[in-house]
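A short write-up of the structure that comes next.
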Amino acid sequence: MTRGIHWFRNDLRLQDNTALEELVSRADAWLPVFILDPRIIAGAGFGAPRTRFLLDCLGRLRRDLEKRGVPLVVREGHPEEVLPKLLHETGARLLSLNEGVTPFARRRDAAVRQSVERGGGEVVERLDHVVFRSSEIRSAIGGPYAVYSPYNKTWWRRWRLEPRLPGNPLRLPPPISGFAAEWIPDPGRLGLAAGECDIPTGGSEAANRRLQRFLETAAGRYHEDRDRPDVDGTSRLSPYLRFGAISVRQCFARAEEAVRAEPMLGQGIGKWLDELVWREFYSAILEEHPRVLRENHRREFDSLVWNEDTDAFEAWCEGRTGYPIVDAGMRQLRATGWMHNRVRMIVASFLTKDLLIDWRDGERFFFQHLVDGDPASNNGGWQWAASTGTDAQPYFRIFNPVAQGKRWDPAGHYVRRWLPELRDVPDRHVHAPWNSGEPTRYPAPIVDHAERRTIALERYKGAREKGART
Ligand SMILES: Cc1cc2nc3c(=O)[nH]c(=O)nc-3n(C[C@H](O)[C@H](O)[C@H](O)COP(=O)(O)OP(=O)(O)OC[C@H]3O[C@@H](n4cnc5c(N)ncnc54)[C@H](O)[C@@H]3O)c2cc1C
């Protein structure tokens with residue numbers, strides 16, 4: 001009789017879960033466990049919106065399991081101590097888990113593996129959060145890619161040869177007896193403020209509904225609408241992918257199925273799938289270069305001098321820089337835990353190039369507030385905007401926040417939604433209200449974009465020249 005435990009982490013679903021599939025194919029009885037690790041849950045940076053979303057997903061997973069007669073065990077503590085005890089308590093020999101990618105996850109999982117194996121157990125570890133790990137997507141000379149477009153080409157070549165499609169629905173073995181489903185703590189008990197943030201409903205059912213709705217409505221126009229924050233043109237699946245309420249393979253399979261049924265959707269869906277490949281790319285970068293979590297990927301910018309400007313940083317955080325598209329984005333983030341991708345790029349460029357504040361400060365703030373906060377994608381996005389990343393925006397391309405606003409939110413619907421102070425400003429001035437000549441309650445710009453652009457160009461150029469000499 002083989003007993004097993006599946007340790008749920010960022011894979012909060014029963015469908016198409018690779019390590020769980022392996023476990024249930026080998027175990028005669030099993031138990032699922034989730035561990036509230038104080039280093040993560042209450043740790044610095046793991047913000048309240050994301051924890052609340054995680055707990056909601058967990059509560060729904062618990063109900064999905066209960067419907068199948070399986071109790072979810074919830075423990076608190078360090079997994080490397082909790083898991084060997086639980087294996088002992090249940091008489092289980094197998095432990096399954098899906099791979100993590102951050103340095104913290106890798107160290108913790110190595111410690112878990114060591115303690116389980118020392119006790120005579122076996123750990124089954126599988127790739128789940130991405131389709132291909134970094135070592136599976138290699139350049140012609142066998143190394144990892146540092147630039148997205150050739151990575152993308154090789155990724156698709158590999159997918160065509162070896163599409164990794166979702167597994168069949170699981171046949172779960174009976175649970176190990178003597179355990180009852182445990183309550184998921186509420187956010188207050190974990191010391192998290194109730195918060196005003198309006199987060200989405202968690203869980204696999206909501207994720208699948210969202211994917212279906214996206215494929216039926218916006219996907220066909222994604223290539224045209226994806227940069228428009230005033231249009232509901234993207235999937236909003238990022239928090240679900242972050243916690244594994246849906247798998248990336250399910251997204252690929254369902255999207256390709258939609259194109260087979262309706263070839264006209266091909267262009268939009270193709271572009272959407274390329275965004276999921278960006279997610280794989282940033283995960284691969286983190287896997288290959290864990291130092292990017294602390295350092296510039298491009299060392300030539302290491303001597304760049306950042307401003308220490310607490311007032312400007314606070315104005316950015318609170319959405320009162322005086323640039324509507326920046327402030328609308330920051331207010332959307334604080335109100336919903338999500339921000340449109342184009343606006344993420346604009347606010348990140350504004351922080352690093354107009355305010356010349358270190359990208360790490362912006363990355364940390366995003367991580368605290370985003371429901372989808374993901375170390376790899378967040379770091380990749382920030383280093384891209386700061387021109388310090390792998391595939392970054394060249395340093396001399398600096399977004400003009402007014403021009404970006406006019407281009408991507410032409411009638412000002414998006415900025416007016418988040419900045420009611422601008423409701424009565426005419427469309428032609430809504431991205432530069434100081435030109436309207438009318439008094440508004442909206443603040444004046446905290447910096448002059450043209451001036452700051454010149455300073456940023458000088459600093460970046462100087463740092464690069466210095467970097468090239470050293
Ligand atoms: C500064 C900055 C920080 C970011 N931080 C995060 C983060 O912490 N977590 C996160 O998931 N994404 C992050 N992104 C990427 C992107 O903004 C979000 O994934 C996207 O806005 C999520 O909305 P959606 O689900 O509607 O995306 P869609 O447009 O529907 O795209 C589908 C999926 O593809 C992935 N994706 C899309 N764009 C990107 C991208 N540029 N990089 C990596 N993956 C992408 C996401 O998983 C997304 O859910 C960041 C981007 C920037 C510029």
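Counting starts at 1 for both ligands and their atoms, following the listed order. Side chains included, hydrogens not; waters and symmetry mates left out as well; all remaining heavy atoms used.
At a heavy-atom distance under 4.0 Å, no atom of Phe367 approaches ligand 1. Contact annotation for Phe214 and ligand 1: no heavy atom of the residue comes within less than 4.0 Å of the ligand. Residue-level proximity to ligand 1 for Asn341 is carried by backbone and side chain together, each with a heavy atom below 4.0 angstrom.
In this comparison of Leu273, Asp225, Leu276, the heavy atom closest to atom 33 (C) of ligand 1 sits on Leu276. Looking at Arg50, Met339, Arg344, His369, it is Arg344 that brings a heavy atom closest to atom 50 (C) of ligand 1. Of the options Trp278, Trp272, Phe366, the smallest heavy-atom separation from atom 40 (C) of ligand 1 is shown by Trp278.
Scanning the protein for heavy atoms near atom 24 (P) of ligand 1, the closest one is Arg236 N, 3.5 Å. Atom 12 (N) of ligand 1 has as its closest protein heavy atom Ser377 CB, 3.6 Å. Atom 8 (O) of ligand 1 has as its closest protein heavy atom Asp374 N, 3.0 Å. For atom 38 (N) of ligand 1, the closest non-hydrogen atom on the protein side is Glu275 OE1, 3.1 Å. Looking only at protein heavy atoms, the nearest one to atom 47 (O) of ligand 1 is Arg279 CD, 3.3 Å. Protein heavy atom in closest approach to atom 2 (C) of ligand 1: Gly381 CA, 3.7 Å. Among protein heavy atoms, atom 9 (N) of ligand 1 sits closest to Asp372 O, 3.0 Å. When only non-hydrogen protein atoms are considered, atom 3 (C) of ligand 1 lies nearest to Asn378 OD1, 3.4 Å.
For ligand 1, the atoms closer than 4.0 angstrom to any heavy atom of Gly373 are 8 (O). Atoms of ligand 1 lying under 4.0 Å from at least one heavy atom of Met345, given by number and element, are 53 (C). Less than 4.0 angstrom separates some heavy atom of Leu237 from each of these atoms of ligand 1: 25 (O), 49 (O). Under a 4.0 Å criterion applied to the non-hydrogen atoms of Ser238, ligand 1 contributes the atoms 11 (O), 22 (C), 23 (O), 25 (O), 49 (O). Those atoms of ligand 1 with a heavy atom of Trp338 less than 4.0 angstrom away are 22 (C), 23 (O), 26 (O). Here is the list of ligand 1 atoms found below 4.0 Å of a heavy atom in Leu241: 47 (O), 49 (O).
Residue contact annotation: Tyr222 has a non-hydrogen atom under 4.0 Å from ligand 1. Contact between Arg242 and ligand 1 is absent, with no heavy atom of the residue lying under 4.0 Å from the ligand. Using a non-hydrogen distance threshold of 4.0 Å, Gly380 does not register as a contact of ligand 1.
Inclusion of Trp382 in the set of residues having an N or O under 3.5 Å from an N or O of ligand 1 is not warranted. Considering backbone and side-chain atoms together, Tyr282 places no N or O closer than 3.5 Å to any N or O of ligand 1.
Within the cation-pi definition used here (under 6.0 Å to the ring centroid, within 45° of the axis), Lys353 qualifies as a partner of Tyr460. Cation-pi geometry between Arg13 and Phe243 is not met: the NZ or CZ atom fails to fall both under 6.0 Å from the ring centre and inside 45° of the normal.
The existence of a salt bridge linking Arg242 and Asp372 is excluded, since no basic side-chain nitrogen approaches an acidic carboxylate oxygen closer than 4.0 Å. The existence of a salt bridge linking Asp109 and Arg9 is confirmed by a sub-4.0 Å separation between a basic side-chain nitrogen and an acidic carboxylate oxygen. Ionic pairing of Arg39 and Glu76 is not present here: no N-O contact between side-chain nitrogen and carboxylate oxygen is shorter than 4.0 angstrom. Between Arg164 and Glu162, at least one side-chain N (NZ, or NE/NH1/NH2) sits under 4.0 Å from a carboxylate O, which counts as a salt bridge. Ion pairing of Arg299 with Glu295 is present here, as a side-chain N (NZ or NE/NH1/NH2) and a carboxylate O approach within less than 4.0 Å. At a threshold of 4.0 Å, the pair Arg452-Asp448 does not count as salt-bridged, since none of the basic side-chain nitrogens sits closer than that to a carboxylate oxygen.
Using bins of under 30°, 30° to 60° and over 60° for the plane-to-plane angle, the ring pair His6/Phe8 lands in the perpendicular bin. Aromatic ring pairs are classed by plane angle as parallel below 30°, tilted from 30° to 60° and perpendicular above 60°; the pair Phe366 and Trp316 is parallel.
For Asn296 and Trp359, the side-chain atoms include at least one donor-acceptor pair closer than 3.5 Å. There is no side-chain donor-acceptor pair under 3.5 Å between Tyr222 and Gln267. The closest side-chain donor-acceptor pair between Asn152 and Arg157, if any, does not fall under 3.5 angstrom.
Residues Arg108 and Pro79 meet the side-chain proximity criterion, which asks for heavy atoms closer than 4.5 Å.
Heavy atoms from other residues, nucleotides or ligands lying under 6.0 Å from CD of Glu125 number more than 12.
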